[in-house]
Number of protein chains: 2
Amino acid sequence: MAGIASDMIRGNTDTILLRFLCEKDSYGYEINKQILKLTDGQYGLNEATLYTAFKRLERAGYITSYWGNENQGARRRYYTVTQEGRAAYEANRNEWQNAKRLLERLIEDGKD
Amino acid sequence: MAGIASDMIRGNTDTILLRFLCEKDSYGYEINKQILKLTDGQYGLNEATLYTAFKRLERAGYITSYWGNENQGARRRYYTVTQEGRAAYEANRNEWQNAKRLLERLIEDGKD
DNA sequence: TAAGATACCTTATCTGTCAAGGTATATTGA
DNA sequence: TCAATATACCTTGACAGATAAGGTATCTTA
């Protein structure tokens, strides 16, 4: 997933994770599969990026975590979005929409 | 211009500069003023970012530069986009449009 | 004559991403 | 039975782009 596309998504990683956690508690591996599915396999988070982002969000107080009690299969660390996390998601979503508008002007309006 | 919005634009800096240079030869200070104008003052490149990007583009062979012969005022380094630069702009623009579509799915489709 | 605008540049530092490595368990097919 | 694959987590070191802060030099304006 290297290259420009991933650099374009940079800065939105946290927002994407929060979006999924706003729907329901989940864990890293599952969220990444959902991302891949939603993008038809065009985008997925590198694992190091994924777990770094979870740590960042937890440190910021936007999510909390707990171990699931799987009685079979690999263990899972579940994440729950906090009230602050929901607010951050809304704010980030607005920021994305604003940034999108600006980029459309800056990149696309100069079409030949 | 710190914060999330600037991180969202990261990865598009080169594309933005190429877009302006595809219209006409220009120099750093002028392009930055155009960016500010197009975004109603909402976004402008940090100078260090700006000149770093020019260097990167020149090293990549996407632009060339020459000193303008101003007989008054501060000296200006003008940039010209190359054929490869135009091709890169088109490719980047497509990548941006693709990334935009993905981000809309990943961020916006989960609306409440 | 000082302040502000124009115009360029460098350095050190920060942050997010990523490749590469690791651990452990369960399932599936040869 | 046993190797491969999928699930699921984590850490480390390196890299690239963005930035704050500093600098230089000229011209205009109050």
Side-chain angles (χ1 to χ4, degrees), chain A residues 1-18 20 25-37 41 43-60 62-63 65-79 92 99 103, chain B residues 1-18 20 25-37 43-60 62-63 65-79 92 99:
Chain A
M1 203 51 53
I4 294 177
S6 113
D7 225 26
M8 284 181 184
I9 286 169
R10 184 196 181 112
N12 295 288
T13 304
D14 294 6
T15 312
I16 292 168
L17 295 180
L18 287 174
F20 285 104
D25 283 16
S26 189
Y27 57 97
Y29 204 82
E30 184 180 52
I31 291 181
N32 217 15
K33 276 193 295 181
Q34 287 180 290
I35 292 173
L36 280 161
K37 195 178 170 194
Y43 187 69
L45 287 169
N46 178 287
E47 286 196 15
T49 303
L50 181 68
Y51 294 112
T52 301
F54 279 134
K55 268 195 190 164
R56 186 168 52 241
L57 289 169
E58 197 161 20
R59 220 174 35 238
Y62 295 158
I63 59 174
S65 67
Y66 59 94
W67 285 104
N69 51 344
E70 276 62 54
N71 35 18
Q72 98 280 40
R75 74 212 197 289
R76 302 168 176 168
R77 185 192 285 277
Y78 283 86
Y79 295 96
N92 287 2
L103 282 167
Chain B
M1 201 53 51
I4 294 177
S6 112
D7 225 27
M8 286 181 182
I9 286 168
R10 185 197 180 114
N12 295 288
T13 305
D14 293 7
T15 312
I16 292 167
L17 296 180
L18 287 174
F20 285 104
D25 284 15
S26 190
Y27 56 97
Y29 204 81
E30 185 181 50
I31 290 181
N32 217 15
K33 275 194 295 181
Q34 287 180 288
I35 291 173
L36 281 161
K37 196 179 170 193
Y43 187 68
L45 287 169
N46 178 287
E47 286 198 15
T49 303
L50 182 68
Y51 293 111
T52 301
F54 279 134
K55 270 194 188 164
R56 184 167 54 239
L57 289 169
E58 197 160 21
R59 220 173 36 237
Y62 295 158
I63 59 175
S65 68
Y66 59 93
W67 285 105
N69 53 345
E70 275 63 54
N71 35 19
Q72 97 279 39
R75 76 212 195 289
R76 302 168 177 170
R77 185 192 285 280
Y78 282 87
Y79 296 95
N92 288 1

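Computed from heavy atoms alone, side chains included, the values below leave out hydrogens, waters and symmetry copies. Per chain, numbering begins at 1; letters A, B, ... match sequence-line order.
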May I ask you to verify if any side-chain N or O of [X] is less than 4.0 angstrom from the OP1 or OP2 atom of [N]?
X	N	result
A:R10	C:dG16	no
A:R56	C:dT17	yes
A:K55	D:dC10	no
A:T52	C:dT17	no
A:R75	D:dA8	no
A:T49	C:dC18	yes
A:Y51	D:dC10	no
A:T13	C:dG16	no
B:R77	C:dC9	yes

Euclidean distance, atom [atom1] of residue [X] to atom [atom2] of [N] [Å, nearest integer]:
X	N	atom1	atom2	answer
B:N46	D:dA21	CG	P	11 Å
A:Y29	D:dC10	OH	C1'	14 Å
B:L45	C:dC8	CG	C1'	15 Å
A:M8	C:dC18	CE	P	14 Å
B:L50	D:dA18	CG	C1'	12 Å
B:Q34	C:dA7	CD	P	12 Å
A:W67	D:dT7	CH2	C1'	13 Å
A:N32	D:dT7	CG	C1'	13 Å

Side chain of [X], heavy atoms from C-beta onward: which of [options] has the nearest atom to it?
X	options	result
A:A48	D:dA8, C:dT10, D:dT12	D:dT12
B:D7	C:dG16, D:dG17, D:dA8	C:dG16
A:Y27	D:dC10, D:dC9, C:dT10	D:dC9
B:S6	D:dC9, C:dA20, D:dA18	D:dA18
A:A74	D:dA25, C:dT10, D:dT7	D:dT7

| Residues, nucleotides or ligands: over 12 heavy atoms within 6.0 Å of A:Y79 OH | yes
| query | Does a side chain donor of either B:D25 or B:Y66 reach within less than 3.5 Å of an acceptor in the other side chain? | reply | yes
| query | Under the side-chain contact (heavy atoms from CB on, under 4.5 Å) criterion, do B:I9 and B:I16 qualify, and how do the steps go? | reply | CA-CA 10 Å; B:I9 286 168; B:I16 292 167; 4.1 Å; yes
| query | With a 3.5 Å cut-off and just heavy-atom distances, do the side chain of A:E47 and the base of C:dC18 make a donor-acceptor pair? | reply |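 Donor-acceptor pair under 3.5 Å: no.
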| Taking the six-membered ring for Trp, are A:Y78 and A:Y27 parallel (under 30°), tilted (30 to 60°) or perpendicular (over 60°)? |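 Plane angle over 60°, so perpendicular.
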| request: Could you grab the distance from atom CD1 of A:I35 to atom CG of A:L17, nearest 0.5 Å is fine? | output: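 With rounding to 0.5 Å, CD1 (A:I35) is 6.0 Å from CG (A:L17).
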| query | For the side chain of A:N32 and the backbone of A:G44, is there at least one donor-acceptor N/O pair under 3.5 Å apart? | reply |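 Side chain of A:N32 to backbone of A:G44: no pair is present.
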